[in-house]
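As structure tokens, the structure follows; a few thoughts come after it.
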Amino acid sequence: MTVPSHPGVAPGLVGTYPAEAEAGGGYVWDAVLEYRVWSHPERGAPDLADGSDYYHAFETYEEALEFSRHRRALRSHWR
């Protein structure tokens with residue numbers, strides 16, 4: 001399956017949105033804010049948030065995908 005890649009609408013804001021920012025789903029949305037790769041300490045990711053899940057934010061899907069390929073225990077999400 002090929003995922004269409006859309007750059008974030010405001011590159012300077014990537015990484016500043018709250019973890020609980022509202023998001024749509026599927027392939028229908030107005031704009032991509034950022035792409036997120038979530039880390040899960042309970043699955044072996046480094047514990048950087050006192051046992052809580054956390055994410056790394058990227059402007060493009062390709063950057064997020066590349067990062068996730070080099071890390072264990074991660075799950076990609078786009079927002």
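Given the structure is predicted, the values throughout are model-derived calculations rather than measurements.
- Of all non-hydrogen atoms in Leu13 and Thr16, the two that sit nearest each other are O-OG1, 2.6 Å.
- Going from atom CG of Leu48 over to atom NE2 of His56 covers 6.5 Å, rounded to the nearest 0.5 Å.
- If you take NE2 on His40 and OH on Tyr54, they are separated by 10.0 Å, rounding to the nearest 0.5 Å.
- Ser52 OG to Glu42 CD: the interatomic distance, rounded to the nearest 0.5 Å, is 9.5 Å.
- The OH atom of Tyr35 sits 13.0 Å away from the OG atom of Ser68 when rounded to the nearest 0.5 Å.
- Within the 3.5 Å criterion, the main-chain N or O of Gly15 finds a donor-acceptor partner in the side chain of Glu34.
- Atom CG in Asp53 sits 10.0 Å away from atom CG in Asp47 (nearest 0.5 Å).
- The minimum heavy-atom distance between Ala45 and Ser39, with the atom names listed, is CB-CB, 3.9 Å.
- Closest heavy-atom contact between Tyr17 and Tyr55: O-OH, 2.8 Å.
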